[in-house]
Amino acid sequence: MEEGLGQNSVPPHGPIDKSKILDIKPLRSLIPIYSMSSQAPPAGQYPSGFSPFFPFGAPQQTPTGVTTRGAATPAPLRAYKNPLGAGDSSSTMNGFNGQDTSGKKKRGSPSRHTKSSVNKPKKSQEPPADLSGLVGISPAQREDGSREVVNIVLMAYDALRRRLCQLEEAKELSSGSIKRADLKACNTLMTRGIRTNMRKRIGAVPGIEIGDIFYFRMELCIVGLHAPSMGGIDALHIRGEFEEETLAVCIVSSGEYDDDAEDSDVIIYTGQGGNFFMNKDKHTTDQKLQRGNLALDRSSRQHNEVRVIRGMRDGVNPNNKIYVYDGLYKIQDSWIEKAKGGGGVFKYKLVRIPGQSSAFAVWKSIQKWKSGSPSRTGLILADLSNGAEGIPVSLVNEVNNVKAPTFFNYFHSLRHPKSFSLMQPSHGCTCIKACVPGDLNCSCIRRNEGDFPYTGNGILVSRKPLVHECGPTCQCFPNCKNRVSQTGLKHPMEVFRTKDRGWGLRSLDPIRAGTFICEYAGEVVGRGKVSQLVKEGDEYVFDTTRIYDQFKWNYEPRLLEEIGSNDSTEDYAMPYPLIITAKNIGNVARFMNHSCSPNVFWQPVVYEENNQSYLHVAFFALRHIPPMTELTYDYGLAQSDHAEGSSAAKGRKKCLCGSSKCRGSFG
DNA sequence: GCCCCATCACCTGT
DNA sequence: CACAGGTGATGGGG
């Protein structure tokens with residue numbers, strides 16, 4: 001039956017009649033598949049991707065929806081799988097939900113299903129309470145998100161996941177372990193209603209921007225970008241008046257297949273099924289035109305927009321995979337190939353819709369810069385740190401003719417005029433080799449209230465008034481995992497010229513939330529000198545005693561209730577003042593600009609040198625940061641400014657961060 | 001029609 | 001490499 005396509009690895013030119021090959025009934029010609037009468041929004045208001053529903057007549061317009069975001073356009077779709085969780089629980093929240101007049105129903109009735117509940121006893125429990133209000137998500141926002149809500153959900157997810165990892169790692173290999181913290185965190189959040197964009201849609205997803213990166217498939221699920229937790233194809237089922245239709249809305253390209261195309265705007269995607277590499281004992285079979293394949297096939301005819309997420313190996317951590325949202329594509333071609341195992345395999349050619357900001361293409365050009373083939377445009381200096389960092393810090397200006405920042409000496413850490421004697425002198429831990437999470441004999445861990453502050457791959461678990469790291473007086477090896485902020489830069493950085501804010505800092509690598517970025521290096525000065533420095537025009541003062549906007553980064557303790565761990569103090573009070581000037585001496589941190597919605601935050605870290613405790617300011621990623629994104633943190637307000645109220649105090653600068661939550665000025 | 005459960009596939013992750 | 005594992009689709013029974 002596969003005579004005609006046995007030897008081809010080239011897409012045939014004409015359209016194939018798959019119905020012949022696969023014994024599938026032919027496609028019917030499509031009529032508009034949802035009712036236009038009742039709720040059609042005014043013309044022109046469709047989100048991108050809807051017009052193609054008009055089979056042949058509608059003009060192929062440009063992807064208008066691509067650049068707009070957050071515009072919660074009403075979608076005239078009725079999805080089969082309605083977001084029942086939302087509908088139900090929202091009415092529950094009103095406290096008036098037509099309570100079961102139908103006597104029985106609902107779970108908890110311990111009637112005849114007891115037999116099945118023997119093997120899975122946990123199922124019979126009451127559903128967990130809706131906790132979405134805790135983190136500030138309304139029922140409507142669960143349906144349709146926004147940038148802010150997406151950030152809230154992702155932060156809640158990762159905070160919980162980090163904490164679960166921490167608990168898991170502390171337990172060594174003993175009792176009931178929390179394997180797969182990624183799954184557990186997702187499950188917890190979903191059952192508590194902490195998620196967004198539950199309404200499946202074609203085209204852009206509100207709150208998700210092209211270039212956004214993710215570190216787990218579950219992150220794609222909870223923000224409504226791609227629903228299946230493993231499957232590569234997300235399909236939407238639409239009920240029309242006479243027919244039902246299924247369309248592909250999103251795909252994840254894992255990069256494990258031969259998806260690669262030379263052109264970064266093209267992707268060749270393999271259909272699903274056929275067991276062609278999973279079951280080894282089974283002979284590989286032809287893929288069938290069903291499920292995801294069927295959806296892709298229909299989409300290739302409807303020409304609807306399909307979101308594309310590209311999975312790729314993390315250069316820093318080859319075990320990890322990073323998912324990059326690469327925007328909207330359309331399926332241009334499809335054909336059948338013969339796989340090595342012998343089965344027929346569907347192939348789909350997706351082409352990126354032009355006019356979208358680049359995402360995956362940026363990754364590709366970074367790869368090229370790193371290999372050095374076309375040199376970086378605007379490169380002024382290959383390594384601003386002059387070897388002081390283990391990793392080069394390039395200096396780049398693609399904007400104007402300014403050749404260099406004002407002179408300063410690059411230094412990787414702090415210079416103390418005197419020892420920092422606020423804390424009682426203490427001795428380092430006596431661990432051999434490395435400190436082990438959960439080992440309460442380790443004095444450093446005890447100082448961290450029994451928690452190892454970092455996960456195994458060096459990610460900060462939660463903010464604290466003070467993180468205690470191991471230091472030179474500890475017995476443990478220098479590669480102990482509790483020395484994260486002492487190990488210098490881990491990502492190749494770039495000091496670059498911004499359009500309107502002088503120099504800025506960004507990374508060539510993606511940075512995962514909670515990753516240590518750098519410390520604020522410079523000279524420590526006494527508190528009394530601050531005003532003098534400011535008067536002298538020192539723009540490089542870091543002062544822990546300023547007023548900082550509070551924000552929540554740690555996990556929500558109520559989400560951990562069933563594990564019995566509900567300690568979480570996100571205490572924002574700064575225990576010890578520390579003032580640093582990086583005017584004459586400093587590192588990359590002095591180039592980080594202010595933003596009112598930053599992607600980096602600072603955390604006090606302490607460790608010992610020569611039996612004296614020294615305080616450092618360490619910067620961590622607030623959320624996942626795509627490569628080439630400017631790194632920013634909140635500069636806070638000088639105390640004197642705060643006392644004067646909101647009147648424009650002297651020395652304040654107009655803020656150009658461009659955030660929707662911009663406070664207007666800083667400094 | 002609905003609800004509940006079981007089963008299955010899936011471009012996971014450790 | 002093995003295997004635990006979540007989600008959503010599917011299908012059957014009550």
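In the text below, chain A, chain B and the rest are named by the order of the sequence lines, each starting its count at 1.
With rounding to whole Å, A/Leu183 atom CG is found 9 Å from C/dG5 atom P. Here the C1' atom of nucleotide B/dC11 and the CE atom of A/Met218 are 14 Å apart, to the nearest Å. Going from atom CD1 of A/Ile322 over to atom C1' of B/dT12 covers 16 Å, rounded to whole Å. Atom pair A/Phe216:CZ and C/dG5:P shows a separation of 16 Å (rounding to whole Å applied). Between the C1' atom of C/dT10 and the CZ atom of A/Arg291 lies a distance of 7 Å, rounded to the nearest Å. Rounded to whole Å, the distance from CG on A/Leu247 to C1' on C/dA9 is 16 Å. Computed from coordinates, the A/Gln272 CD to C/dG8 C1' distance equals 12 Å when rounded to whole Å. Computed from coordinates, the A/Ile233 CD1 to B/dA9 P distance equals 15 Å when rounded to whole Å.
Between A/Asn319 and A/Gly232, the residue whose closest nucleotide on DNA chain B is further toward the 5' end is A/Gly232. Ranked by how close their nearest DNA chain B nucleotide is to the 5' end, A/Asp182 and A/Gly231 are led by A/Gly231. With DNA chain C read from its 5' end, the first of the two nearest nucleotides for A/Met230 and A/Arg195 is the one closest to A/Met230.
Checked against the 6.0 Å centroid threshold, A/Tyr348 and A/Tyr269 do not count as a close aromatic pair.
A/Arg192 and A/Ser132 share no donor-acceptor pair across their side chains, judged by distance under 3.5 Å alone. Residues A/Tyr329 and A/Asp326 have side chains that bring a donor and an acceptor to within less than 3.5 angstrom of each other.
At the phosphate of B/dG13, neither OP1 nor OP2 sits under 4.0 Å from any side-chain N or O atom of A/Lys321. Side-chain N/O atoms of A/Tyr215 include none lying less than 4.0 angstrom from OP1 or OP2 on B/dG13. Between A/Lys200 and C/dA9, a side-chain N or O to OP1/OP2 separation shorter than 4.0 Å is present.
Checked against C/dT7, B/dG13, B/dT14, the side chain of A/Asn320 finds its nearest nucleotide in B/dT14.
In terms of the ring pair (Phe, Tyr, Trp, His ring centres under 6.0 Å) criterion, residue partners of A/Tyr215 (sequence neighbours excluded) are, by chain and number, A/His624.
Base-pair partner of C/dG5: not found among the strands shown (Watson-Crick or G-U wobble, both distances under 3.5 Å).
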Before giving the answer on side chain to side chain donor-acceptor pair (under 3.5 Å), spell out for A/Asn457 and A/Thr455 the whole-Å C-alpha distance, their side-chain angles and the decisive distance to 0.1 Å.
CA-CA 5 Å; A/Asn457 44 9; A/Thr455 64; 2.6 Å; yes
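One cannot find a donor-acceptor pair under 3.5 Å joining the base of B/dT14 and the side-chain atoms of A/Arg180.
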